[in-house]
Protein chains: 2
Amino acid sequence: MSGQGAAPVGGPARERGLHARLLASLGPAITAGEYPPGTVLRTEELAARYEVSRTVAREAVRVLESMHLVESRRRVGVTVLPAEEWNVYDPQVITWRLAGADRGRQLRSLTVLRSAVEPVAARLAAELATPEECAALTEHALGMVATSRGQQLENYLVHDTAFHRTVLRASRNEMFARLGDVVAAVLAGRTHHEVMFSDPRQEAVTLHVQVAEAVRERDGARAERAMRTITEDAMAELDVLAP
Amino acid sequence: MSGQGAAPVGGPARERGLHARLLASLGPAITAGEYPPGTVLRTEELAARYEVSRTVAREAVRVLESMHLVESRRRVGVTVLPAEEWNVYDPQVITWRLAGADRGRQLRSLTVLRSAVEPVAARLAAELATPEECAALTEHALGMVATSRGQQLENYLVHDTAFHRTVLRASRNEMFARLGDVVAAVLAGRTHHEVMFSDPRQEAVTLHVQVAEAVRERDGARAERAMRTITEDAMAELDVLAP
DNA sequence: TGGACTCTTATTAGTCATACTTAATTGGCG
DNA sequence: CGCCAATTAAGTATGACTAATAAGAGTCCA
């Protein structure tokens, strides 16, 4: 019972709640492949290892099970499932994987998903965006222009993220809107880890302005084309990095 | 208090495990809007109402929380979150919503998502499909041809579903592959509930054959075009139904 | 002899009741 | 108006018990 020192819960940030901390330790470990598919974890063992009660361990396992990361069976234990079973759309799973080893793979998967979704979202946004959303798009596009030179990557990222979020929300499709966080994660990842040593490419900035214009003018086809070019550029960047 | 008395757990199919049964009762109720956003459920009350222990109620709440359907706060209780917060990609949430009241909305959201994803998946499949997958595509396309006349909707559905699943898997993108279940649910929903009184339209069948051909011939552009037509037809069908 | 079938047993998740801790809201008091 | 204490409901811990079920021992029939 000594101190809180022993528990190997050295997560990045201490979540609140014991079960959340356990989750923040187990989730990344599983998604990182530290426990290969088929590995059996017993709840009692987990409770002992992390110095928590079985109650807490069970709750964490329940959540992992709902993410299809593990399967719990009587007389067997908690079995780690193969990656094909995982709920790869779960924001938490995405976060864990982006923080872990196959970060590259995850980033490329998400970028391909973006390339499918965002052009269609842009077309829908052109048809359905409210005046407020049109204004927000223009504003953020101009913000990108203003911050595209002179090492202002962080400010640029803020506008870029807001821009894409707005497009996805304006598409009036809940499934698209939900991908706002994903896109934000991808953009942040790109800025903070790889590429982007220098200022963003001017063509990319121009394309965002074009999307904003096209949406304002209700030109769905043009909005879609411009956005498609944006996402294709993003894919090209990644392919250079990890072919 | 007494209300409808004992455990109103009479879900559609009895899940195994008390907590799963509770989940199968609470999940659909929340996604159906029976508990409006802001509604507060106390775990103790839930435990009493469903005649389970607090432990079980808490585990169910934990899972609902991981789906962002509810938020649990000390001294407040378990608050139902607004729909914008929900994890709409969680297969369980999708199932619940498809079974519930706003089934139509959900079906249209998913169909729009399909229209974004499947054409891109078809293009990637044309580039990356294995010979076995090419063969499977052809086989299922031919199966659709064979079952497209004479009230064989169930058999047709089997081939249709398998076809789309194969395309998504052949795209070699885990995010796309994971949507196989979603597409299956949409196709099944369409066959079993709405439209489709009579045999499927022959143009649709032909388009599937074209996708299979294009993939076999590694013609990404053609595969994408044909698939885009398929998904646009699917959207048109729905818009007629619920404009 | 061998294989298939049944019965037993050991193991681990699942459930329950209870006691206690902690955080946060609320309302009263200075 | 702000601070402090009381209250409330979630969070945690523990121990006892239940229930599946995998696996092995034992049995029967071909």
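Below, chain A is the first sequence line, B the second, and so on; all start at residue 1. From a predicted model like this one, the values you see are computed outputs, not experimental measurements.
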d(CG, A:L64; P, C:dA13) in whole Å | 14 Å

Hey, does the side chain of B:R62 come within less than 4.0 Å of D:dG11's phosphate (OP1/OP2), counting only N and O?
-> yes

Whole-Å distance between D:dA10 C1' and B:R54 CZ?
-> 7 Å

A:H164/A:H208 aromatic ring centres below 6.0 Å = yes

Regarding the side chain of B:R74, the nearest nucleotide among C:dA13, D:dA22, C:dA23 is C:dA23

Could you check whether A:R73 gets within reach of a base, just the sugar-phosphate, or nothing at all, counting any heavy atom under 4.0 Å?
-> sugar-phosphate

Starting at atom CD of B:E59, determine the distance to atom C1' of C:dT15, rounded to an integer number of angstrom.
-> 9 Å

B:L22 CG - C:dG14 C1' separation (whole Å) = 14 Å

Please check if atom CD in A:E44 has more than 12 non-hydrogen atoms from other residues, nucleotides or ligands closer than 6.0 Å.
-> no

Distance from A:T138 atom OG1 to A:E133 atom CD, nearest 0.5 Å?
-> 12.0 Å

Considering all heavy atoms, the nearest B:V88-B:V93 contact | CA-CG1, 4.5 Å

Respond yes when some side-chain nitrogen or oxygen of A:T43 is under 4.0 Å from OP1 or OP2 of C:dT12, and no when none is.
-> no

Closest to the A:R58 side chain: D:dT14, C:dG14, C:dC16?
-> C:dG14

Would you kindly compare A:V52 and A:V76 by the position of their nearest DNA chain D nucleotide and give the one closer to the 5′ end?
-> A:V52

Touch check for A:T55, heavy atoms < 4.0 angstrom, all strands: base, sugar-phosphate only, or nothing?
-> base

Between C:dT22 (P) and A:R16 (CZ): distance, integer Å | 17 Å

Do A:R75 and C:dT12 share a donor-acceptor pair, side chain to base, under 3.5 Å?
-> no

Would you say the side chains of A:H68 and B:Q92 form a donor-acceptor pair under 3.5 Å?
-> no

Measure from CG on B:L18 to P on C:dA13 and round the result to the nearest Å.
-> 17 Å

Starting from C1' on D:dA9, measure out to CD on B:E45 and report it in whole angstrom.
-> 12 Å

Contact class for A:V61 vs. all strands (heavy atom < 4.0 Å): base, sugar-phosphate, or nothing?
-> nothing

Give the nucleotide from the list C:dT15, D:dA10, D:dA13 with an atom nearest to the side chain of B:R42.
-> D:dA10

Within this structure, what is the CD-to-P distance between A:E71 and D:dA22, rounded to whole angstrom?
-> 11 Å

